[in-house]
Amino acid sequence: MKKITLFLISLCICFSADIHAQGKRSSIPLKHGAHRIGKRTDPEMQRWREHGLGQFIHWGLYSIPGGFWKGQYYDYAAEQIRSWDLVPNEEYDNLCNEFNPTAFDARKWARQAKEMGARYLIFTTKHHDGFCMWPSKYTDFTIANSPYKKDIVKQVVDAYNREGIDVILYFSIMDWHHPDFRGSINNPEDSLANERFKQFTRNQLLELVTNYPTLKGLWFDGTWHAAWKQEAEFADNLEKELRILKPDLIIGSRFRPDDYGKRGTDSNGDLMGDYEQGWERDLPNSKEELYGNDWDCVMTIPENQWGYHSEWKGYVKTAYDLIEMLVKSVSMDGNFVLNFGPDSKGNIRPEETRIAGEIGKWMKTNNEAIYACTASELKPQGWGYFTQKENKLYLTVFNRPINNRVKFEVPKGTIKIRKAYLLADKREMDIIDGGRNKKDDLLYQIAIPKGFTPDQPFVIVIELEDNRNDKNQYQQALT
Ligand code: H79
């Protein structure tokens with residue numbers, strides 16, 4: 001009797017645990033939800049994950065007005081000036097007849113990006129204004145019909161690839177120029193126009209993936225309008241078509257809506273796409289906000305200017321601010337992508353060039369703490385951020401403690417320290433035993449040499465002993 005009761009009790013426990021697990025996973029049946037739970041594990045995605053630093057470039061017709069229309073200052077993001085009441089659409093679209101960037105030299109941009117340490121580029125092929133920087137067969141509103149004529153996307157892709165930099169193409173679904181674009185569908189005519197527009201979108205995306213076969217991925221924008229949110233099936237089929245053309249294509253989470261018009265994550269909370277694209281001009285504060293997804297942060301130098309604005313107002317981030325964002329991103333398993341907005345002649349503005357130089361100088365000394373690094377399990381401390389690679393921990397110090405000692409805690413029985421040194425000059429540093437806390441974690445302090453006064457944040461490397469029990473697992477982690 002007892003045995004039967006016990007058996008029934010344990011059956012109940014198992015059964016309810018199962019229900020609970022299912023309830024937690026997915027409760028809403030979706031035809032067009034996430035395709036995969038968890039991260040991609042293929043080499044292309046791993047390569048993307050290891051980039052650490054990227055560059056974004058916003059370039060298009062909007063660089064001609066540069067945030068001014070007939071002398072009036074546009075107080076929003078310069079790349080969106082076409083949507084300003086003061087700007088007649090036709091006049092804006094006629095800028096196509098003026099676009100002639102005589103100073104444009106893709107190799108120069110690519111060399112600068114390489115010097116900065118960028119490992120990938122996101123380039124605007126078509127922003128919301130609808131102007132195509134490549135000679136698309138499916139519209140006349142392209143670079144081919146400007147005085148410049150030549151394919152800009154091709155030059156950019158080739159030049160960056162030559163420098164070993166991967167290229168991801170930005171594409172706005174929303175298109176303010178195309179006569180068939182509809183933000184919402186309100187009558188049968190809208191519906192017909194929307195069908196034509198969907199085919200146009202499909203044609204353009206297949207065209208991009210075919211024309212530029214070395215591209216690594218697509219970065220989608222302008223997918224929040226009501227008409228697109230109803231296109232779960234179309235978007236899902238299109239994504240599948242794109243992946244047939246290029247199976248390892250990397251697509252962010254901002255492309256498809258699910259069956260219920262939910263974007264980014266589907267109605268069950270699972271990420272749609274290969275990485276989280278939501279961190280635009282924003283950074284997470286802790287790993288808990290990331291739900292274990294891949295992600296990158298795209299960031300502007302001024303507050304909110306992506307395209308060229310000739311007069312930046314408000315706070316302009318410094319190289320120090322941006323390096324901190326970069327390290328913070330990598331310390332939480334993300335990439336950091338910094339935006340540049342070249343002017344209408346194709347020049348990168350001096351402020352951006354200076355910042356690229358300062359970041360590049362920092363990266364030259366410290367990129368070991370960035371490329372292919374992951375988050376560390378150690379508890380964050382006020383002086384800066386931990387990153388980690390193989391048997392090395394990197395401590396990037398932004399706030400130098402007044403006593404010149406960098407503190408951290410090692411949970412009991414986890415890692416053993418072999419030595420510590422400055423990444424800048426390999427100088428070995430004293431490790432001071434700081435005792436134990438109440439939980440028996442080991443406390444350490446690393447002494448910063450007094451004479452060491454760099455003008456940029458610096459990195460302390462902590463080499464670890466291989467003290468894990470499972471050697472195989474450790475070897476796998478190294479390879
Ligand atoms: O290209 C740059 C910007 O021009 C573009 N994205 C970056 C990379 C951009 N377009 N619009 N926006 C950024 C801001 C849009 C905000 C909103 Fe919304 C769209 C507000 C309402 C609709 C976000 C999405 C908040 C609600 C839905």
Side-chain angles (χ1 to χ4, degrees), residues 54-67 69 74-85 87 92 95 118 120-133 152-153 156 167-178 181-184 208 217-231 235 250-258 260-266 272-273 275-283 295-309 312-314 317 322 325 329 334-342 352:
Q55 180 188 37
F56 210 142
I57 291 187
H58 274 71
W59 202 36
L61 295 185
Y62 39 81
S63 65
I64 299 174
W69 196 261
Y74 180 51
D75 206 13
Y76 189 63
E79 72 280 0
Q80 303 200 18
I81 200 168
R82 189 187 189 276
S83 65
W84 198 13
D85 296 344
V87 180
Y92 181 91
L95 292 172
Y120 71 117
L121 166 74
I122 307 172
F123 184 72
T124 49
T125 58
K126 179 178 92 162
H127 203 263
H128 308 338
D129 67 0
F131 183 72
C132 301
M133 298 293 268
I152 283 177
V153 175
V156 167
V167 178
I168 287 184
L169 297 179
Y170 167 107
F171 184 91
S172 169
I173 302 279
M174 180 168 75
D175 184 322
W176 295 332
H177 170 86
H178 199 287
F181 174 76
R182 296 290 183 278
S184 59
L208 282 174
L218 292 164
W219 202 97
F220 287 101
D221 206 0
T223 55
W224 47 76
H225 48 289
W228 183 255
K229 287 201 276 187
Q230 291 161 17
E231 295 299 343
I250 295 171
I251 297 179
S253 63
R254 212 184 267 183
F255 180 48
R256 291 192 289 128
D258 79 355
Y260 297 92
K262 177 98 174 37
R263 298 161 56 247
T265 50
D266 68 16
M272 286 188 289
Y275 68 97
E276 170 61 72
Q277 247 187 297
W279 299 101
E280 180 169 317
R281 294 197 296 121
D282 197 11
L283 275 171
W295 63 283
D296 69 5
C297 163
V298 293
M299 186 55 70
T300 51
I301 295 174
E303 206 170 289
N304 184 24
Q305 295 296 341
W306 300 85
Y308 177 73
H309 199 305
W312 279 352
K313 278 194 181 157
K317 295 173 196 74
L322 297 163
M325 290 175 174
S329 299
N335 290 326
F336 182 73
V337 184
L338 184 61
N339 182 70
F340 289 66
E352 291 174 348

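One-based numbering, in listed order, for ligands and for the atoms of each. The figures that follow rest on heavy atoms only: side chains count, while hydrogens, waters and symmetry mates do not. Along the sequence shown, residues are numbered consecutively beginning with 1.
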Judging by distance only, is a nitrogen or oxygen of H128 under 3.5 angstrom from one on ligand 1?
yes
Polar-atom distance check: E79 versus ligand 1, any N or O pair below 3.5 Å?
yes
With distance as the sole test, does T125 use its side chain to make a donor-acceptor pair with the main-chain N or O of Y170 at under 3.5 Å?
yes
Which of the atoms of ligand 1 are close to H127, meaning less than 4.0 Å from one of its heavy atoms?
1 (O), 2 (C), 3 (C), 4 (O)
Give yes if a backbone or side-chain nitrogen or oxygen of Q80 is under 3.5 Å from a nitrogen or oxygen of ligand 1, and no if not.
yes
Test item: protein heavy atom less than 4.0 Å from atom 21 (C) of ligand 1:
no
For G222 and S172 the tightest heavy-atom approach is CA-OG, 4.1 Å
Would you find a donor on one side and an acceptor on the other, under 3.5 Å apart, between the side chain of R281 and the backbone of E303?
yes
Can you tell me which residue among F340, W219, F123 is in a ring pair (Phe, Tyr, Trp, His ring centres under 6.0 Å) with F56?
W219
Just checking, is any N or O donor in the side chain of H58 or T124 under 3.5 Å from an acceptor N or O on the other one?
no
Counting both backbone and side chain atoms, is some N or O of H58 under 3.5 Å from an N or O of ligand 1?
yes
Does atom 26 (C) of ligand 1 have a protein non-hydrogen atom under 4.0 Å from it?
no
Does some side-chain heavy atom of L338 sit less than 4.5 Å from a side-chain heavy atom of I301?
yes
Return yes when at least one protein heavy atom is under 4.0 Å from atom 2 (C) of ligand 1, and no when none is.
yes
What orientation do F255 and W228 show, parallel under 30°, tilted 30 to 60°, or perpendicular over 60°?
tilted
Of the listed options (F56, W224, Y62), which comes nearest to atom 17 (C) of ligand 1 when hydrogens are ignored and any heavy atom counts?
W224
Check: W176 ring centroid to Y92 ring centroid under 6.0 Å
no
Interatomic distance, CD1@I81 vs OH@Y62, rounded to 0.5 Å, equals 12.5 Å
Atoms in ligand 1 flagged as close to E280, the criterion being non-hydrogen separation under 4.0 Å
6 (N), 7 (C), 8 (C), 13 (C)
Using a distance threshold of 4.0 Å (strictly less than), state whether atom 8 (C) of ligand 1 has a protein heavy-atom neighbour.
yes
of all protein heavy atoms, closest to atom 14 (C) of ligand 1 is Y76 OH, 3.9 Å
Residue selection (non-hydrogen contact nearest atom 5 (C) of ligand 1) among D221, T223, V298, D129
D221
